[in-house]
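Please read the structure below before turning to the comments.
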Amino acid sequence: MTSAPFDFAPLLAAGLPPPAAKWTGLARFSFVGGNNDPEQVPVDGLIAAVDAVLTREGRTLATYGLANGPQGYLRLREFLSLKLKRDAGIVCGADDLLIVSGSLQALDLVNQTLLAPGDTVIVEQQSYQGALTRLTRLGVTAVGVPLDHDGLRMDALESALADLKQRGVRPKYIYTIPTVQNPTGTIMPEARRAELLKLAETYGVPIVEDDCYADLIWDGRRPPAIHAMSRTGNVIHIGSFSKSIAPALRVGFIVAPWAMLSRMLALKTDAGSGALEQMVLAEYCAPHFATHVPKLTRGLRAKLDTLMEAVNAQFGTAAEFEIPAGGIFLWVKLPDQVDTLKLYQAALAAGVSINPGPEWSTDKAYAKSRLRLCFASPSHEQIREGIAVLAEVCRKEFGVPARIANVETARA
Ligand SMILES: Cc1ncc(COP(=O)(O)O)c(C=O)c1O
């Protein structure tokens, strides 16, 4: 006789999100998520780093936080404070940094510190799905502000802020991904960053600067971080090792004034993020980060070229895109009759996964025929084959492209 399984349902806390779906594996041709290039993980360097750091300091693992306090491994924070000064112009000491479990935990801590249901946050109209779904789940209104080639549009931001003010709403923060925007791939120039700071100061709204792609720029040149340009300490800066080293490590960081950092630290109740990852990163990055990143970006740029060639060859003029300034994504516009939420389902059945545009936008109609393709994780071969399959599926479902691989086709 088998006993009936215990029923947890009546005991579940109120307001839980829907249950997670079971993992069913990656698609054969996977263009989704923010995954990196497996060939570019510096495995040998990481092995050497594990060996060196554990031999030297392994016994510190006996103490929570490696006896370095709750903000994270000191040598990693020291590395970051040098790197942020050199690359982004941010002047911060190890004590101004909090190491977290990926920048997703950073977003959670910012949200827990600042948001309550009914609040309003300003976001870029096209934005990171993980940030948008968090706001929805918290019952927070996300006001989307349109973007152009230089990122967040200041005229549109100004009217959104003025409109909200008139209605008595003070947004809790402006969320921006200014340095290689996700999904559009733009970099906000320095002058516009200054305008953004001015507007934020005028309206008394802080900025959350999510800079996780800032290392992956084709020409290696970036404007100073918005955090570095602020004179009032109104910017919370978030970064990550996910895109520069590897996302599965789950190591990110927050730079913020102590008034905010101390609040977030009080909400970080996991007794510290994984210590081994922090130790290995500090050991590897201090001597190797500056040489690893240009090599990584060269490889990513080559994959982007393969993807753009494949999209042009398979979709022809049916696909429009702008060349991203860096990063790991291509944001593509297909003809209006293509519904990328439907294309996503049909493509998945054929072994190709894509990110449909509406999941990355506050304006579902604008994003209906847009999609995001990650080019970092598939191989060059998989990019070529996967895009050919995607074009075939798209043609069957929506009649576009009318020509495939430059060959005229009749709709199936
Ligand atoms: C803009 C943005 N922020 C945050 C994250 C989360 O990254 P992490 O792996 O550091 O949690 C991602 C991941 O793709 C992202 O694109």
Run the side-chain contact (heavy atoms from CB on, under 4.5 Å) test on Tyr366 and Gln126 for me, step by step, so that the C-alpha distance in whole Å, both residues' side-chain angles and the decisive distance to 0.1 Å come before the verdict. CA-CA 9 Å; Tyr366 171 89; Gln126 279 59 252; 3.4 Å; yes
Any heavy-atom pair between the side chains of [Y] and [X] that's under 4.5 Å?
X	Y	value
Tyr128	Leu104	yes
Leu334	Leu343	yes
Pro223	Met188	no
Phe398	Lys342	yes
Leu84	Leu97	yes
Met308	Asp305	yes
Tyr73	Val53	yes
Met279	Thr60	yes

Relative to the ring of Phe329, is the ring of Trp360 parallel (under 30°), tilted (30 to 60°) or perpendicular (over 60°)? tilted
Report the relative orientation of the aromatic rings in His292 and Phe289; use parallel for angles under 30°, tilted for 30 to 60°, perpendicular for over 60°. tilted
Evaluate the side-chain contact (heavy atoms from CB on, under 4.5 Å) criterion for residues Val145 and Ile174: first the C-alpha distance (whole Å), next the side-chain angles of each, then the deciding distance (0.1 Å), finally the verdict. CA-CA 10 Å; Val145 171; Ile174 299 166; over 6 Å; no
Taking 4.0 angstrom as the limit, do [X] and [Y] come out as a salt bridge?
X	Y	answer
Arg28	Glu385	yes
Glu392	Arg395	yes
Lys198	Glu201	no
Arg384	Glu309	no

Look at the side chain of [X] and the backbone N and O of [Y], then say whether any donor-acceptor pair between them is shorter than 3.5 Å.
X	Y	value
Asp51	Ile47	no
Glu124	Ile177	yes
Gln382	Ser30	no
Trp218	Leu300	no
Thr340	Arg370	yes
Lys333	Glu320	no
Asn68	Gly65	no
Lys172	Val121	no
Thr306	Ala302	yes
Asn234	Ile207	no

What pair of heavy atoms forms the shortest contact from [X] to [Y], and how long is it?
X	Y	value
Ala27	Gly351	CB-O, 3.6 Å
Cys212	Ser103	CB-OG, 4.3 Å
Cys285	Phe241	SG-CE2, 3.8 Å
Leu341	Asp339	N-OD1, 2.9 Å
Gln105	Ser273	OE1-OG, 3.7 Å
Asn36	Ser242	ND2-O, 3.6 Å

Spacing of [atom1] belonging to [X] relative to [atom2] belonging to [Y], to within rounding of 0.5 Å:
X	Y	atom1	atom2	value
His288	Leu46	NE2	CG	9.5 Å
Glu322	Trp331	CD	CH2	12.5 Å
Thr297	Ile217	OG1	CD1	9.5 Å
Glu209	Met229	CD	CE	9.5 Å
Ile328	Leu330	CD1	CG	12.0 Å
Ile323	Leu304	CD1	CG	7.0 Å

Exceeds 12 heavy-atom contacts within 6.0 angstrom, atom CZ of Arg250: yes
Would the number of heavy atoms belonging to other residues, nucleotides or ligands and lying under 6.0 Å from CZ of Phe79 be above 12? yes
Taking the six-membered ring for Trp, are Phe8 and Phe6 closer than 6.0 Å centroid to centroid? yes
Start with the C-alpha gap between Arg192 and Asp148, add the side-chain angles, then the distance that decides, and say whether side-chain contact (heavy atoms from CB on, under 4.5 Å) holds. CA-CA 12 Å; Arg192 195 174 283 193; Asp148 64 17; 2.8 Å; yes
Derivation and outcome, side-chain contact (heavy atoms from CB on, under 4.5 Å), residues Val140 and Arg134: CA-CA 9 Å; Val140 167; Arg134 274 171 168 67; over 6 Å; no
If we check side-chain contact (heavy atoms from CB on, under 4.5 Å) with Phe29, which of these qualifies: Ile383, Ile354, Leu390, Val389? Val389
Pairing donors with acceptors under 3.5 angstrom, does anything connect the side chains of [X] and [Y]?
X	Y	value
Asn111	Tyr173	yes
Thr184	Gln181	yes
Lys268	Ser101	no

From Lys83, Lys295, Arg86, Lys243, residue fulfilling salt bridge (Lys or Arg N to Asp or Glu O under 4.0 Å) relative to Asp215: Lys83
Stepwise side chain to side chain donor-acceptor pair (under 3.5 Å) check, Thr362 with Gln125: CA-CA 5 Å; Thr362 56; Gln125 187 184 288; 5.2 Å; no
